[in-house]
Every structure is written in structure tokens, then in C-alpha cells.
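All remarks here apply to the structure that follows.
Positions are given from 1 along the sequence. All values derive from a computational prediction rather than experimental measurement. Just so you know, ligand 1 is whichever comes first in the structure, and atom 1 is the first atom listed for that ligand.
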Amino acid sequence: MDDLKAKYLEQVAHAADEGALEAIRVAAVGKKGEVALKMRELGKMTPEERQVAGPALNALKNEINSALAAKKVALADAALDERLKTEWLDVTLPGRARRIGSIHPISQVTEEVTAIFADMGFAVAEGPQIETDWYNFDALNIPGHHPARAEMDTFYTHRAEGDNRPPHVLRTHTSPVQIRSMEKTGAPIRIICPGRVYRADYDQTHTPMFHQIEGLAIDKDISMANLKWVLEEFFSAFFGTHVETRFRASHFPFTEPSAEVDIQCSWEGGTVKVGEGDDWLEVLGSGMVHPKVLEAGGIDPNEYQGFAFGIGIDRLAMLKYGIPDLRAFFDSDLRWLRHYGFASLDQPTLHGGLSR
Ligand code: DAH
């Protein structure tokens with residue numbers, strides 16, 4: 001028994017891993033191991049011999065089992081130590097800073113305008129940037145021969161050879177959303193439609209893609225006076241100061257009567273300031289929706305009438321935030337974006353302030 005004990009304790013001490021330990025366990029104290037075989041011999045012994053040999057064998061079995069268990073723990077500890085030597089992390093290192101982006105002035109101004117009109121009960125509607133010429137022109141009372149079609153420098157999509165359907169256009173204004181919204185919800189209606197529009201034009205104040213907001217209010221007793229009040233409210237809220245407006249008679253195919261709206265400004269020192277001085281700056285087109293346009297949208301012009309207006313978001317952003325060149329808006333220059341951008345967590349609201 002002393003030989004057995006010495007042999008197995010020695011083996012356990014030198015076992016290299018858990019697999020080796022298991023093999024030793026099976027050979028020593030497993031069902032058919034050496035200790036079990038010795039226990040079977042107890043039956044052939046005299047009772048006196050058995051009284052000595054039995055407990056001694058049990059003790060041997062326990063001793064080997066404890067040695068196995070202890071070695072198992074020691075092996076696991078060693079393995080962990082080994083891993084910790086290779087896999088370590090310096091938690092005292094400073095973190096990697098992530099650059100915070102900024103909100104583009106176009107997005108900022110769109111949110112500001114939306115907040116102001118939402119307060120006056122206008123919902124936001126959107127339409128596709130690729131339009132049929134029905135929505136972009138005909139439904140808005142701009143027939144095929146009308147000079148406005150040519151004036152707008154329209155981008156047309158390409159049709160396959162032999163496909164004689166009229167081409168789609170990149171919408172030249174947000175006015176087609178008027179028609180789509182009338183069709184969708186019918187009257188009464190009170191919406192603004194912000195979005196991208198396209199015209200083949202490029203200089204300091206024109207880019208081939210720019211942004212407009214269309215406004216539309218239709219009900220049974222809407223007048224030009226409502227239009228005037230809404231726009232005056234809007235400009236004063238947007239520029240944060242009382243802004244005088246001037247309505248000039250004009251002409252648009254989709255409104256009758258039509259008015260162009262100027263806002264009060266000064267030009268001192270070569271920079272424009274809105275809401276002071278006695279110069280005027282043209283900023284939008286508007287009018288009472290033409291009966292033919294109501295009809296095209298499926299609304300009865302004998303029962304309903306309303307006003308509409310269209311304003312350039314880019315122009316508003318340049319005016320409010322003193323940005324001189326429109327082309328830089330779309331250059332994706334990070335220095336420009338950091339300079340003119342807005343904090344991403346400052347949501348424009350009327351109560352919290354439109355911008356900081
Ligand atoms: N659609 C016109 C443009 O792009 C702007 C406009 C003028 C919209 C008068 C209107 C309006 O709704 O009534 O130049």
C-alpha cells in the first residue's frame with residue numbers, strides 16, 4: 001500500500017494537465033483501478049486482516065482523491081497566471097477621443113422653420129425629388145408652352161431609345177408637394193414641405209441643388225390677410241426681431257393674385273442686417289392658390305380657397321447666419337462645417353430658443 005501511495009502521489013505531482021490527471025484517477029481510484037482491485041482482495045482475508053486493511057485502503061483512496069483535487073486547482077491557477085501574462089489591459093491609459101459632428105446650417109434652418117410653423121398649426125409633408133412633369137408643371141398650371149418651364153433650367157431624366165413617354169424631371173421647386181398633399185388628404189389642409197430642388201444654375205448664390213420650403217393653407221375662408229400675418233409672424237420669429245415686410249404684386253402661374261415678399265434690411269459695411277434699415281430684400285413668392293391648381297389637386301375651388309408660398313432655405317440660412325457663399329454649403333469641407341455647424345443636441349424650439 002505504501003508503494004501504491006508513493007507511486008500515485010508522485011504521478012499526481014508531475015501531471016502536466018487535466019487530461020493527465022484524469023488518466024491517473026482512472027488508473028488509481030477508478031472502478032477498475034489498482035485501489036479497487038486491492039479492495040476486492042478484502043473478501044479473501046480473515047476478519048482480523050480485513051479490519052486493518054479495509055480502513056487503510058479507504059484512507060489511501062481518500063488521500064489520492066485529495067491530491068488529485070488539489071493538483072487540479074493548482075493547474076487551473078497556473079493556466080490563469082499564464083493567460084494574465086499575455087492578455088492584459090492598461091486601464092490607466094486615456095481613452096480615444098471621438099470627434100463630435102455638427103448640424104449643417106440647412107438642417108438647422110429647416111428645423112427652425114418647422115418649429116415656427118408647427119406652432120401655427122402647420123404639419124410637415126414631403127414628396128419625391130424625381131417628379132413627373134405633371135406634378136412639377138401641368139398640375140401647377142404651367143402648360144407645355146409656358147416660359148416658366150424654360151426659365152427654370154430643368155434637369156430631365158434620360159429615357160431609353162424608343163421610349164416615348166415624357167421624361168421625369170428633378171423637381172425644380174417644392175410646389176408639386178402641394179398637389180400630392182391635396183390628393184392625399186383633401187381640404188382643409190395646412191402644411192409646409194421642406195426639401196431639395198434642382199436647377200441648372202451655378203454661381204455665388206446659386207447651386208444646381210438647393211432647398212426650399214413650400215407652404216400651403218386651404219380652408220373655407222382663408223384670405224390674403226391670413227397669408228400676410230403668417231409670413232410676418234414667421235419672419236419675426238425666425239430672425240428674432242420685428243421684421244417689416246413688403247408685399248409686391250407679381251405673377252406666378254399657380255397663384256392668383258400673386259405677391260413677392262421683401263423683408264426689411266440694411267446694407268451697412270457691406271453686410272446685410274435683417275430687421276433694420278430701409279432697404280428691402282426679396283425672399284419669397286406667394287399668393288392665393290389658383291383655382292386650376294385646386295382642381296388639379298382634387299379640391300373644389302367653389303368651396304375652398306387658400307394661400308401658398310415658397311421660400312429658399314439656403315437663402316434664409318445665409319441671411320440669418322451671415323454665410324457669404326452658397327457653394328461652400330455643399331463642399332463638405334470639415335473646417336467650414338465646424339465653423340458654421342450647430343451643436344447636435346440643441347434642438348430648435350420656440351420656448352428653448354431657435355439657435356445658440
Ligand atoms: N415655386 C416657386 C419657385 O420655385 C416659389 C413659389 C412662388 C411657391 C409662389 C409658391 C408660390 O407656392 O405661391 O420659384
Side-chain angles (χ1 to χ4, degrees), residues 113 117 122-129 131 133-143 146-155 169-182 187 189-201 205-219 222-232 234-235 245-263 281-297 299 301 304-316 326:
V113 175
F117 279 102
F122 286 74
V124 171
E126 288 180 306
Q129 294 174 44
E131 267 296 9
D133 56 4
W134 162 257
Y135 281 109
N136 195 77
F137 295 120
D138 302 84
L140 290 161
N141 195 34
I142 312 173
H146 197 284
R149 285 211 190 199
E151 277 162 25
M152 280 191 166
D153 301 309
T154 313
F155 286 112
V169 301
L170 296 188
R171 67 178 178 194
T172 57
H173 49 182
T174 42
S175 302
V177 188
Q178 284 188 30
I179 307 293
R180 291 182 175 276
S181 302
M182 287 185 219
I189 196 168
R190 213 187 289 182
I191 50 161
I192 55 166
C193 326
R196 290 183 176 161
V197 299
Y198 302 84
R199 288 180 205 178
D201 212 352
T205 52
H206 295 90
T207 50
M209 185 276 301
F210 60 107
H211 301 79
Q212 287 187 334
I213 292 187
E214 193 76 12
L216 177 70
I218 295 171
D219 211 327
I222 288 201
S223 74
M224 201 96 183
N226 300 129
L227 168 70
K228 191 155 191 284
W229 183 84
V230 162
L231 291 178
E232 284 174 352
F234 164 68
F235 284 120
T245 55
R246 186 171 75 171
F247 283 63
R248 274 182 297 106
S250 182
H251 177 264
F252 300 104
F254 26 89
T255 44
E256 183 58 38
S258 305
E260 274 172 311
V261 180
D262 303 339
I263 54 176
L281 197 68
E282 183 196 321
V283 283
L284 65 73
S286 64
M288 298 302 290
V289 180
H290 197 290
K292 281 194 182 169
V293 174
L294 291 172
E295 257 166 22
I299 289 176
Y304 288 100
Q305 76 283 142
F307 65 73
F309 60 87
I311 187 165
I313 301 178
D314 321 64
R315 182 68 48 86
L316 282 180
L326 179 60

- Task: Could you tell me whether ligand 1 has any atom less than 4.0 Å away from a heavy atom of Arg199?
- Result: yes

- Note on the structure: ligand 1 to Gln212, heavy atom cutoff 4.0 Å, flagged ligand atoms 3 (C), 4 (O)

- Query: Within the distance-only criterion (no hydrogens, no angle test), does the side chain of Gln305 pair as donor or acceptor with the backbone N or O of Ile222 below 3.5 angstrom?
  - Reply: yes

- Taking atom 5 (C) of ligand 1 as the reference point, the nearest protein heavy atom with its distance: Gly310 CA, 4.0 Å

- Message: I need the atoms of ligand 1 closer than 4.0 Å to a non-hydrogen atom of Gln178, numbered in the order shown.
- Response: 12 (O)

- Task: Find all atoms of ligand 1 within a distance of less than 4.0 Å from any non-hydrogen atom belonging to Thr255, and give their numbers and elements.
- Result: 13 (O)

- Note on the structure: A student checking ligand 1 against Gly287 at a 4.0 Å heavy-atom cut-off should list atoms 13 (O)

- Message: So if I count the atoms of ligand 1 from 1 in the order they appear, which ones are less than 4.0 Å from some heavy atom of Ser175?
- Response: 1 (N), 8 (C)

- Donor-acceptor under 3.5 Å (Gln212 side chain, Thr174 main chain): yes

- With a 4.0 Å heavy-atom cut-off (strictly under), which part of Ser286 contacts ligand 1: side chain, backbone, both or neither? backbone

- Query: Taking the six-membered ring where the residue is Trp, are the ring centres of Phe254 and His173 under 6.0 Å apart?
  - Reply: yes

- Using heavy atoms and a threshold below 4.0 Å, how should the contact between Phe254 and ligand 1 be classified: side chain, backbone, both, or neither? side chain

- Salt-bridge criterion met for Glu282 and Arg246 (N-O under 4.0 Å): no

- Note on the structure: Min over Pro176, Gly285, Ala259 of heavy-atom distance to atom 9 (C) of ligand 1 lands on Gly285

- Query: If you measure only the distance, is there a donor-acceptor pair under 3.5 Å linking the side chains of Asp262 and Thr245?
  - Reply: no

- Note, Ile299 side chain near Met182 side chain (heavy atom, < 4.5 Å): yes

- Message: Within 45 degrees of the ring normal and closer than 6.0 Å to the centroid, is that where the cationic atom of Arg199 sits relative to Phe210?
- Response: no

- Got an N/O contact under 3.5 Å between Thr172 and ligand 1? no

- Got an N/O contact under 3.5 Å between Ala308 and ligand 1? yes

- Task: Hey, can you tell me if Phe122 and Phe117 have their rings parallel, tilted or perpendicular (30° and 60° cut-offs)?
- Result: perpendicular

- Nearest non-hydrogen protein atom to atom 10 (C) of ligand 1, with distance, is Glu214 OE2, 3.4 Å

- Item | Shortest non-hydrogen contact from Leu140 toward Pro176 | CD1-N, 3.7 Å

